[in-house]
There are 2 protein chains.
Amino acid sequence: MKTSVPVPKTAAELRQAIVERYDSLSKRLQLIARHALDHPDDFALQTLAVISARSGAQPSAIVRFSKTFGFSGASDMQRLFRDSLVSSNAALGYGERVRRFGAQLQGSRSHGVAALLQEFVDGSALALQSLAQTVGEGDLERAIELLKAADTVFVAGFRRAFPVASYLAYSLQQAGKRTSFVDGVAGLSAHQVKNIRTTDALLAVSYRPYAPETVQLVEAAAAAGTPILAISDSPVSPIARLSTRLLLVREMEVRSFRSLAASLCLAQALAIGFAFIQSAGAHGSRRRGSLK
Amino acid sequence: MKTSVPVPKTAAELRQAIVERYDSLSKRLQLIARHALDHPDDFALQTLAVISARSGAQPSAIVRFSKTFGFSGASDMQRLFRDSLVSSNAALGYGERVRRFGAQLQGSRSHGVAALLQEFVDGSALALQSLAQTVGEGDLERAIELLKAADTVFVAGFRRAFPVASYLAYSLQQAGKRTSFVDGVAGLSAHQVKNIRTTDALLAVSYRPYAPETVQLVEAAAAAGTPILAISDSPVSPIARLSTRLLLVREMEVRSFRSLAASLCLAQALAIGFAFIQSAGAHGSRRRGSLK
DNA sequence: TCAAATCTGGAAGAAATATTCCAGACTTCG
DNA sequence: CGAAGTCTGGAATATTTCTTCCAGATTTGA
């Protein structure tokens with residue numbers, strides 16, 4: 001090919017390259033360039049035939065266009081557009097990088113432990129971004145309402161979900177809610193919710209692979225007609241399906257380990273949101289620092 | 001096909017249909033359903049072969065899945081996912097979210113609870129960023145060495161630090177480390193470390209205002225000559241000054257509440273870094289999923 | 001326990017999509 | 001005006017990707 005310029009590595013780079021070289025392009029190629037800039041979505045996920053029809057250029061012209069910018073073919077260029085579509089949806093463009101982490105599973109500690117930390121930071125940041133999108137406007141509010149209506153909130157979560165559950169139990173307690181933490185000490189988790197009533201609520205946290213204890217608790221509560229607020233990773237998880245309200249957290253996988261940052265973040269928002277609403281309803285001012 | 005239910009016309013409809021019919025699906029089809037719900041991006045724009053690899057089902061199974069929901073084939077279903085990808089992206093807009101970040105920095109709670117979540121997301125993300133800078137290259141490695149050298153690791157942390165401590169205890173245990181979680185049940189925390197030896201190690205997590213139990217434990221361990229790994233928020237905190245190794249976490253304050261995301265993230269990096277090094281030293285291959 | 005029904009994975013075939021090629025049209029410049 | 005160089009569109013080809021099919025495995029029910 002005529003060009004020896006570096007192949008764009010990101011959608012942003014490609015955009016810039018298109019703008020810069022726009023003038024030097026031939027008529028048809030300019031047409032395509034315009035379309036690429038104006039309708040990146042088309043470019044990202046339509047077939048060549050469709051793009052061709054919409055832009056008024058031939059498929060072959062699109063391939064030529066791609067090659068002009070150093071790609072091996074049109075498919076190659078489309079990948080870039082697609083990546084940007086996903087990553088802009090999820091976060092800052094880290095998307096692809098994080099995904100590759102999974103791909104290079106076996107790369108292991110060649111880059112040292114510090115790199116591992118960085119990976120977790122990236123993964124967690126990504127999960128946080130998606131959290132804001134996943135949890136809709138009213139979801140959190142309704143979840144808080146459920147807690148507010150309960151006489152006593154039973155909080156359960158084991159294994160990986162235990163930290164989240166323990167934080168929630170602690171925070172809600174601090175916020176002045178009658179809270180019972182089902183910590184499963186001495187294997188008594190079943191006993192601890194034995195006397196749960198329909199006026200109470202169960203706050204269950206569980207991620208795949210779902211701890212059987214939690215599932216059982218949820219099933220028992222559901223059977224008893226107790227409202228259930230679930231924090232889980234899939235709408236079809238055993239506990240989500242039985243829940244009254246569901247807060248969905250999609251954690252990122254880093255080297256096949258899921259992060260927890262987003263879950264904790266959500267838990268905080270839940271607990272502190274509860275505290276605010278609670279106190280706002282009771283009296284205008286309240287102690288802010290109580291949960292510190 | 002067996003189904004005469006109306007074909008989903010939007011991604012939302014499809015999601016709902018998947019959730020509703022999840023139970024009646026076969027095992028493989030449930031696997032795919034789960035993947036569709038959890039990784040819609042993959043489904044939207046990856047090729048069947050890729051989705052197949054990531055979800056663990058065969059391409060043909062994906063086609064079957066699609067037909068179960070009334071589509072003529074997998075491509076037909078993918079179109080729906082793609083459409084939603086575009087529209088959700090367009091609805092948000094690139095700069096829109098970024099603009100909101102700044103706008104609501106100081107925004108009071110007039111924007112409701114959803115804004116609160118966003119604040120926590122932002123705060124946590126910031127904390128994560130600074131984490132990568134605060135924790136230096138060798139810090140994590142040396143911390144891991146300390147754990148590795150210990151016969152038994154005692155993990156302690158109360159109040160706000162409890163979730164972090166419990167996660168660490170759980171993960172290290174999973175990684176094959178002899179771990180004792182000082183959970184303070186029945187106020188016995190002092191007893192639980194009574195027999196700690198110099199060949200053990202104490203992993204203490206504490207943030208201001210430092211829980212007296214933790215401080216006491218650290219003081220006792222220090223007096224006994226036991227190596228101490230501290231996770232704390234200041235180099236001059238009571239537990240940091242007595243520690244052998246220190247991992248510093250600066251959490252962001254959101255509305256006078258400190259986030260926990262960075263701490264959890266660090267804890268994960270520590271635990272999983274330990275797992276990697278441990279297993280790398282012991283034997284070449286190991287079970288990766290043990291901590292999932 | 002066995003038989004019927006259903007589900008699964010792989011391979012062969014079908015369809016779609018992308019790429020190459022080239023004759024003819026267009027532009028540029030002497 | 002004419003030749004050299006470049007660009008274009010469409011058809012032929014190559015490749016990727018999807019779908020169908022079916023024998024064997026698994027599950028279900030009696």
Side-chain angles (χ1 to χ4, degrees), chain A residues 1-4 7 14 18 21-36 39-83 85 236, chain B residues 1-5 7 14 18 21-36 39-83 85:
Chain A
M1 284 302 104
K2 61 161 66 167
T3 175
S4 58
V7 183
L14 176 54
I18 293 176
R21 297 179 49 189
Y22 184 81
D23 287 328
S24 66
L25 297 174
S26 76
K27 215 166 98 190
R28 267 293 174 286
L29 262 39
Q30 286 189 345
L31 194 68
I32 296 169
R34 276 262 288 289
H35 199 77
H39 305 283
D41 289 349
D42 274 13
F43 246 79
L45 36 81
Q46 297 298 343
T47 154
L48 280 199
V50 174
I51 302 173
S52 156
R54 291 200 184 147
S55 67
Q58 300 296 324
S60 52
I62 297 171
V63 174
R64 270 203 300 279
F65 177 81
S66 307
K67 294 200 167 182
T68 302
F69 284 92
F71 298 100
S72 73
S75 311
D76 206 19
M77 181 175 65
Q78 280 190 298
R79 223 193 44 245
L80 230 57
F81 278 99
R82 291 189 185 183
D83 287 353
L85 200 59
V236 293
Chain B
M1 282 301 102
K2 58 165 65 168
T3 175
S4 58
V5 280
V7 183
L14 176 53
I18 293 176
R21 298 180 49 192
Y22 185 81
D23 283 326
S24 64
L25 297 174
S26 74
K27 213 165 98 190
R28 264 293 172 286
L29 260 40
Q30 286 189 344
L31 194 69
I32 296 169
R34 177 175 273 291
H35 199 78
H39 303 282
D41 288 351
D42 273 13
F43 246 77
L45 35 81
Q46 295 297 346
T47 151
L48 280 200
V50 174
I51 302 172
S52 156
R54 292 203 181 139
S55 67
Q58 298 296 327
S60 53
I62 297 172
V63 174
R64 269 203 300 279
F65 178 82
S66 307
K67 295 199 167 181
T68 302
F69 285 91
F71 298 99
S72 71
S75 312
D76 205 19
M77 182 176 63
Q78 281 191 298
R79 222 194 39 245
L80 231 57
F81 278 99
R82 293 191 182 181
D83 289 352
L85 196 61

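Just so we're on the same page: letters track the sequence lines, and every chain starts at 1.
Residues that satisfy the salt bridge (Lys or Arg N to Asp or Glu O under 4.0 Å) test with B/R28, not counting sequence neighbours, are absent from this structure.
You'll find the side chain of A/S66 stays beyond 4.5 Å of the side chain of A/D76, heavy atoms only. Inter-residue side-chain proximity for A/Q58 and A/L48 is flagged as unmet; no heavy-atom pair is nearer than 4.5 Å.
In this structure, the CD1 atom of B/I32 is 11 Å from the C1' atom of C/dT8, given to the nearest Å. One interatomic measurement links the two molecules: CG of A/L31 to P of D/dC7, which rounds to 15 Å at whole-angstrom precision. The distance from atom CG of A/L29 to atom P of D/dG9 is 11 Å, rounded to the nearest whole Å. Taking atom CZ on A/R28 and atom P on C/dT27, their separation rounds to 11 Å, with Å as the unit. Taking atom CZ of B/F65 as the reference point, atom P of C/dG9 lies 15 Å away to the nearest angstrom. Residue A/I62 contributes atom CD1, which lies 16 Å from atom C1' of D/dC7 at whole-angstrom precision. For B/D76 and C/dA16, the CG to C1' distance is 14 Å, given to the nearest whole Å. Rounded to whole Å, atom C1' of C/dC7 lies 13 Å from atom CD of B/Q30.
Legend: ring-ring contact (aromatic ring centres under 6.0 Å, His included) pairs involving residues 41-60 of chain A, not counting sequence neighbours, sorted by first then second residue: A/F43-A/F81. The salt bridge (charged side-chain N to carboxylate O under 4.0 Å, His left out) pairs that include a residue from residues 50-62 of chain A are A/D42-A/R54, where partners are two or more places apart or lie in different chains.
Closest contact between the side chain of B/Q58 and the listed nucleotides C/dG10, C/dT20, C/dT19 involves C/dG10.
Atoms OG and CZ, on A/S26 and A/F65 in that order, are 10.0 Å from each other to the nearest 0.5 Å. To the nearest 0.5 angstrom, B/D41 atom CG is 9.0 Å from B/Q46 atom CD.
Annotation: the terminal axes of the helix from C/dT1-D/dA30 to C/dG30-D/dC1 meet at 30°, where each axis is the rotation carrying the C1' atoms of four end pairs onto the next four (5 pairs per end, rounded to 10°).
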Between A/Q30 and A/I18, is the side chain to side chain contact (heavy atoms under 4.5 Å, CB included) condition met? List the steps.
CA-CA 9 Å; A/Q30 286 189 345; A/I18 293 176; over 6 Å; no
Quick one: do A/I51 and A/Q78 satisfy side chain to side chain contact (heavy atoms under 4.5 Å, CB included)? Show the steps, please.
CA-CA 11 Å; A/I51 302 173; A/Q78 280 190 298; 3.9 Å; yes
Intermediate values then yes/no, side chain to side chain contact (heavy atoms under 4.5 Å, CB included), A/F71 and A/L14
CA-CA 11 Å; A/F71 298 100; A/L14 176 54; 3.9 Å; yes
Tabulate protein N/O versus nucleotide N/O from nucleotides 16-18 of chain D, keeping only pairs under 3.5 Å, one per line.
{"unit_1": "D/dC18", "atom_1": "OP2", "unit_2": "B/T47", "atom_2": "OG1", "d": "3.0"}
{"unit_1": "D/dC18", "atom_1": "OP2", "unit_2": "B/L48", "atom_2": "N", "d": "2.9"}
{"unit_1": "D/dC18", "atom_1": "O3'", "unit_2": "B/S75", "atom_2": "OG", "d": "3.1"}

Could you write out each protein N or O paired with an N or O of nucleotides 21-29 of chain D at a distance under 3.5 Å?
none

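Among B/I32, B/L25, B/V63, the single residue meeting the side chain to side chain contact (heavy atoms under 4.5 Å, CB included) criterion with B/T68 is B/L25.
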